[in-house]
2 protein chains.
Amino acid sequence: MPTDDRTPDRVRSRPTWLLARAHGRALALLHAGFEAHGDGLRGYHYRLLAALEQWGPASQADLGRDTGIDRSDVTAALRQLEDEALVERRVDPGHRRRNIVTITADGQRALQRLDVVIADIQGDVLAPLTPEQRRQLVDLLEKLV
Amino acid sequence: MPTDDRTPDRVRSRPTWLLARAHGRALALLHAGFEAHGDGLRGYHYRLLAALEQWGPASQADLGRDTGIDRSDVTAALRQLEDEALVERRVDPGHRRRNIVTITADGQRALQRLDVVIADIQGDVLAPLTPEQRRQLVDLLEKLV
DNA sequence: TGAGAACGTTGGCGTGGCCAACAAGGAAGA
DNA sequence: TCTTCCTTGTTGGCCACGCCAACGTTCTCA
């Protein structure tokens with residue numbers, strides 16, 4: 001008996017599928033938010049700015065490790081951030097193969113704007129859940145990760 | 001106080017981030033499974049085979065609607081499935097702009113093999129959870145989707 | 001001093017998802 | 001009937017995210 005949602009049965013109730021679906025919906029909202037208020041930035045940029053704001057200046061390799069972003073992608077994302085003066089890169093005098101990356105005042109402001117956008121989206125994503133259910137979901141997902 | 005997991009605080013506890021992380025882990029396992037036992041097939045192929053098996057022959061447009069896959073991607077995925085004789089396409093005599101797609105016996109077998117692989121992966125993904133927690137997670141995710 | 005590791009960079013690949021444009025075929029209204 | 005509009009399949013392209021290989025440079029350590 002086909003339901004309204006014609007996703008095949010073997011797919012519909014699988015946890016991996018539900019995760020993909022839920023993540024897809026969240027991602028769509030995030031992309032829309034970045035599109036509307038993100039000044040051309042994307043997820044990678046936000047993660048990098050967040051790491052810099054929290055732990056201060058760091059090398060690109062450390063940034064990659066702290067954010068789970070590949071070194072090569074860190075390079076590309078930082079170039080854009082630097083182009084928009086949200087970040088500064090200079091060679092570490094003590095270790096000249098390293099770049100020391102610093103968030104600028106503009107970067108701080110961009111990060112704070114994104115914080116608001118992203119925080120709002122959390123509510124949109126979790127809209128179907130009660131506060132207690134939201135807490136449960138976060139707990140369970142944290143166990144999974 | 002930085003913990004072992006140096007994901008920035010503003011990112012670490014957000015539901016959208018947890019969903020992305022959990023989905024990423026599931027996806028990595030799925031890709032490994034497809035790589036090892038998938039005969040070169042991917043998620044799109046599995047979804048299409050599943051839809052064909054469950055509801056019988058269908059047009060490509062209907063397949064796209066039932067699986068949430070874009071028409072253009074349906075075309076590409078079906079071409080591969082047809083190349084491997086897992087699927088047959090013929091023009092609908094009554095509506096000659098349509099292709100009627102049918103799963104073959106080989107396609108049924110491939111689908112069943114993938115079923116086993118994917119079912120196993122569900123257990124891997126949910127390994128950190130008790131049976132009760134798994135049920136809870138599925139319930140919550142279904143509300144979200 | 002010499003070998004090996006770490007760093008930043010370039011270039012590439014794959015998956016999943018999305019969109020635009022087009023020709024062919026069909027449907028519905030003038 | 002004719003004309004307009006819609007659907008279908010196809011091609012080609014784009015994006016985000018993740019990952020990997022290779023390279024030259026720089027540093028460390030045995």
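A, B, ... follow the sequence lines: proteins, then strands. Residue 1 opens every chain.
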[X] with [Y]: basic N within carboxylate O range, under 4.0 Å:
X         : Y         : result
Arg47(B)  : Asp66(B)  : no
Arg109(B) : Asp39(B)  : no
Arg14(A)  : Asp9(A)   : no
Glu132(A) : Arg135(A) : yes

So, OP1 or OP2 of [N]: does either fall under 4.0 Å of a side-chain N or O from [X]?
X        : N       : answer
Arg79(B) : dT10(D) : no
Arg96(B) : dT7(D)  : no
Arg47(A) : dG18(D) : yes
Gln60(A) : dT9(C)  : yes
Arg89(B) : dT10(D) : yes
Arg97(B) : dG26(C) : no

Counting only heavy atoms not in [X], do more than 12 fall under 6.0 Å of its [atom1]?
X         : atom1 : result
Gln80(A)  : CD    : yes
Gln136(A) : CD    : yes
Arg25(B)  : CZ    : no

message: With nearest nucleotide decided by heavy atoms, which residue, Asp73(A) or Arg21(A), maps closer to the 5′ end of DNA chain C?
response: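 Taking each residue's closest nucleotide, the earlier one in sequence belongs to Asp73(A).
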- line: Contacts of Ala76(A) and Ala20(A) projected onto DNA chain C by closest heavy atom; the upstream (5') one is Ala76(A)
Without decimals, in angstroms, what is the distance between [X] [atom1] and [N] [atom2]?
X        : N       : atom1 : atom2 : result
Asp92(A) : dC7(C)  : CG    : P     : 11 Å
Glu35(A) : dC19(C) : CD    : P     : 12 Å
Ile69(A) : dG8(C)  : CD1   : C1'   : 15 Å
His45(B) : dG14(C) : NE2   : P     : 13 Å
Leu27(B) : dG16(C) : CG    : P     : 7 Å
His23(B) : dC17(D) : NE2   : P     : 13 Å
His31(B) : dC20(D) : NE2   : P     : 13 Å
Leu48(A) : dC17(D) : CG    : C1'   : 13 Å

Ignoring the backbone of [X], work out which of [options] is nearest its side chain.
X        : options                  : answer
Arg98(A) : dC7(C), dT28(D), dG26(C) : dC7(C)
Ser59(A) : dC6(D), dG8(C), dT10(D)  : dG8(C)
Ala61(B) : dT8(D), dA27(C), dG17(C) : dT8(D)
Asp70(B) : dC27(D), dG9(D), dC18(C) : dC18(C)

query: Angle, rounded to 10°, between the helical axes spanning five pairs at each terminus of the helix from dT1(C)-dA30(D) to dA30(C)-dT1(D)?
result: 10°
Using a 4.0 Å heavy-atom cut-off across all strands, classify [X] as base, sugar-phosphate, or nothing.
X        : result
Asn99(B) : sugar-phosphate
Gly24(A) : nothing
Arg71(A) : base

message: Within the 4.5 Å heavy-atom criterion, are Val101(B) and Glu88(B) side-chain neighbours or not?
response: no
- prompt: Which sits closer to the 5' end of DNA chain D, Ser72(B) or Arg65(B), going by the nucleotide each is nearest to?
  reply: Arg65(B)
- request: Nearest-nucleotide wise, let me know which of Gly94(A) and Phe34(A) is further upstream toward the 5' end of DNA chain D.
  value: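 Its nearest nucleotide being more 5', the pick is Phe34(A).
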Closest heavy-atom pair and its distance - Leu114(A), Phe34(A): CD2-CE2, 3.7 Å
